[in-house]
Amino acid sequence: MTSKYKGWKEIAPAGVCSKSSRTFLTGDWKTYTPILDLEKCIRCLICVMFCPDGAIIWVPDKKDIEFDMSFCKGCGICANECPTKAIEMKLE
Amino acid sequence: MTAKEWKFTSKDIANKPDLFLSGHRACAGCAPATVLKLVMKATRGPTIVTEATGCMEVVSSIYPYTSWATPWLHTAFETAAANASGIEAALKIMKKKGRISKEHVDVIAIAGDGGTFDIGLQALSGAVERGHDFLFLLYDNEAYMNTGIQRSGGTPHGAATTTSPAGRAVPGKLEYKKPLADIMIAHDMEYVATASPYYWRDLITKVRKGLEVEGPAFLHVFAPCPRGWRSNPAKSIEYSKLAVETCVFPVWEAVNGEYKLSIPSKVLSLAPQRKKPVSDYLKGQGRFRHMFKPENKALLEEVQRITDKRWQKLLKKCNLP
C-alpha cells in the first residue's frame, strides 16, 4: 500500500498539536463589544487579570490598555469588574 | 527568590508573557480559563504541565491547535497525578544521567473537579504518598461541565444538574460537597491551599508557594462556570468573590497541617458582620433557582446551616473564635 502519509512507526508516538491557538480567531463569537473610555480608565489592570481570553493587553510604551478584538468573546467580565465603569458593553 | 520575597505589581504580571494563549475555545465568561492564565503567570522557570480530561483540556487542545506555550501532556481522565509522578521521575533520572541541562523543572498537574473529587482521587492519593515533587491544581467548577453538567463529588447541596435535576420530588443534589482539601491535609502534605480567582494576588502567591515546596502541593481553586451554573457570563468573577464573602468557599492555606486563613477570609473572621447571607451568592444562578420558591425555603436554610457549620469548623481549626 502506498500512502503519502507517514506510517505509525515514523510519526510521533502521541498526537501532537502543532499550531498555536493564536492563529484561531475567536473574536467573531461575540454579540457585545467592549468600548473603553480612556478618560475614566485608571490603569488598575484588573480587566487584564480577569479576561479569560487574554484579549486585553497592557501596552507599556503607550501606558494604556488595548483590546484585541480578534479574541474577545464579549463575555463582559471586564465591564462588570471595572472599578470606575470605564468599559461599556455595546451590542455589535 | 522565595514566594515571601517575591514582590510583584499588576504591571509585572501584565508584562509577563502568557503561557496559556488566547484563541482557546472556552465559553465566553469561563472563569477556569482566567484561573489557568493567572496560574501560568506565577511560574518561576521551565515548567511542564500535565492535564486530565476536562473542560480546560478540551478547549485548549483541539487538533491541530494548542493553547499551551509550555510542554503539555494529556492522557486519560484519572491520570493527572500519575502523569505528574512519571514526569517527575523521568526528570530526576535524566538529570542524573546528564541529559538535561536545566537546573530545576517544575511540574504542574491540572484537573477539574470530576478528575479530582471522583475519578482521579486514587492516582492523586498515590502520587502524594510516594512524595513526588509537583503541584496539583484543582479548578473546581462544581460538576462535569464538559460532558453536559452531570453532578460530581464537588457539586454543592441543592444544585440542579442534568443528573440531579430539581423538581417536585427531588430538590437538586441531595448530598453535600466533599471536603477534598481536608482529605489532602490528612495525607500529611506540606502545602495545601484554597484560592479564588477574584483575589488574584492571593492565587498567584499560593501557586508560587506550592511550586517552591519540595514534594507534593495541592491547590483548590474555585472557578465559576456560566454555562453549567446557568448564570450571566459577565458575573463569573463576581461569583468567585461572593463565594468567599458568604463563606461558601473560604480561602485558607495549611503549611505542614497548620491551618491559616488568608486575608479575604480572615477579614470575615475578625468582622463577622461583614459576612453575607448565602442567598446573595445563590441568587442569579440558574442551578439554584428552585431554592427561592416558597416550598423550598427549608432547603435554603439547610444550605445556610451547613455553610455556617463548616465555617465554624474551619475557624476552630485555625484557632480563631
Side-chain angles (χ1 to χ4, degrees), chain A residues 12-34 42-83 85 87-89 92, chain B residues 9-38 40-41 56 59-69 72-75 197-201 203-204 223-227 232-241:
Chain A
V16 176
C17 297
S18 50
K19 270 189 189 169
S20 165
S21 68
R22 284 195 68 87
T23 56
F24 186 88
L25 306 182
T26 51
D28 51 355
W29 292 16
K30 64 176 165 292
T31 328
Y32 291 93
T33 312
I42 52 167
R43 281 84 173 165
C44 62
L45 305 190
I46 281 178
C47 52
V48 180
M49 298 303 154
F50 290 154
C51 179
D53 296 290
I56 310 175
I57 307 151
W58 165 247
V59 188
D61 301 340
K62 278 167 69 185
K63 299 207 165 160
D64 268 331
I65 55 167
E66 252 179 27
F67 282 90
D68 189 346
M69 289 304 173
S70 47
F71 294 113
C72 173
K73 289 171 189 161
C75 60
I77 287 181
C78 48
N80 195 48
E81 299 302 326
C82 182
K85 300 285 164 225
I87 303 171
E88 199 188 338
M89 301 304 288
E92 211 174 35
Chain B
T9 61
S10 44
K11 280 185 185 124
D12 295 340
I13 299 298
N15 284 335
K16 216 175 161 190
D18 270 337
L19 293 178
F20 184 67
L21 301 174
S22 318
H24 58 77
R25 273 169 261 184
C27 313
C30 178
T34 305
V35 169
L36 290 202
K37 205 185 81 178
L38 289 172
M40 295 315 287
K41 294 262 190 191
M56 285 298 104
V59 299
S60 66
S61 63
I62 295 177
Y63 189 81
Y65 300 100
T66 175
S67 297
W68 294 90
W72 180 88
L73 175 72
H74 161 245
T75 55
Y198 181 81
Y199 304 98
W200 59 272
R201 297 187 75 90
L203 169 64
I204 288 179
C225 164
R227 176 68 192 85
N232 182 353
K235 301 219 165 175
S236 299
I237 299 293
E238 200 181 310
Y239 283 126
S240 74
K241 177 188 176 207

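Each chain gets a letter, A, B and so on, in the order the sequences are listed, and its residues count up from 1.
To the nearest 0.5 angstrom, B:C30 atom SG is 12.5 Å from B:R227 atom CZ. Here B:T34 contributes atom OG1 and B:L203 contributes atom CG; the two are 10.5 Å apart, rounded to the nearest 0.5 Å. The NZ atom of B:K41 sits 8.0 Å away from atom CG of B:N15, with the distance rounded to the nearest 0.5 Å. With rounding to the nearest 0.5 angstrom, the CD1 atom of A:I57 is 10.0 Å from the NZ atom of A:K62.
Interface residue B:K11: backbone and side-chain heavy atoms are both found under 4.5 Å from chain A. Looking at B:K235, the atoms closer than 4.5 Å to chain A (heavy atoms on both sides) sit in the backbone and in the side chain alike.
Proximity of B:S10 to A:W58: side-chain heavy atoms (C-beta onward) are nowhere separated by under 4.5 Å. At a threshold of 4.5 Å between non-hydrogen side-chain atoms, the residues B:S236 and A:C75 do not count as touching. Put simply, the side chain of A:K19 does not reach to within 4.5 Å of the side chain of B:Y63, judged on heavy atoms. Under the 4.5 Å side-chain criterion, counting only non-hydrogen atoms from C-beta, A:V59 is not in contact with A:D64.
Without hydrogens or angle criteria, A:N80 side chain to A:G76 main chain gives no donor-acceptor distance under 3.5 Å.
Of all residues in residues 45-53 of chain A, those placing a non-hydrogen atom less than 4.5 angstrom from a non-hydrogen atom of chain B are A:L45, A:V48, A:M49, A:F50, A:C51, A:P52, A:D53. Within residues 20-31 of chain A, the residues having any heavy atom closer than 4.5 Å to a heavy atom of chain B are A:S20, A:S21, A:R22, A:T23, A:F24, A:T26, A:W29, listed by residue number.
When each of A:M89, A:K73, A:R43 is scored by its heavy-atom pairs under 4.5 Å with chain B, the top score falls to A:K73. Most heavy-atom pairs under 4.5 Å with chain A: of the set B:W200, B:F20, B:Y198, this distinction falls to B:W200. Across B:L21, B:L36, B:I237, the residue that shares the most heavy-atom pairs under 4.5 angstrom with chain A is B:I237.
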**Request:** Check the pair B:Y65, B:H24 against side chain to side chain contact (heavy atoms under 4.5 Å, CB included), reporting the backbone distance first and the verdict last.
**Result:** CA-CA 9 Å; B:Y65 300 100; B:H24 58 77; over 6 Å; no

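When only modelled atom types and interatomic distance are considered, B:W68 and B:S60 share a side-chain donor-acceptor pair under 3.5 Å.
The two residues B:E238 and A:E81 come nearest to each other via the heavy atoms N-OE2, 3.3 Å.
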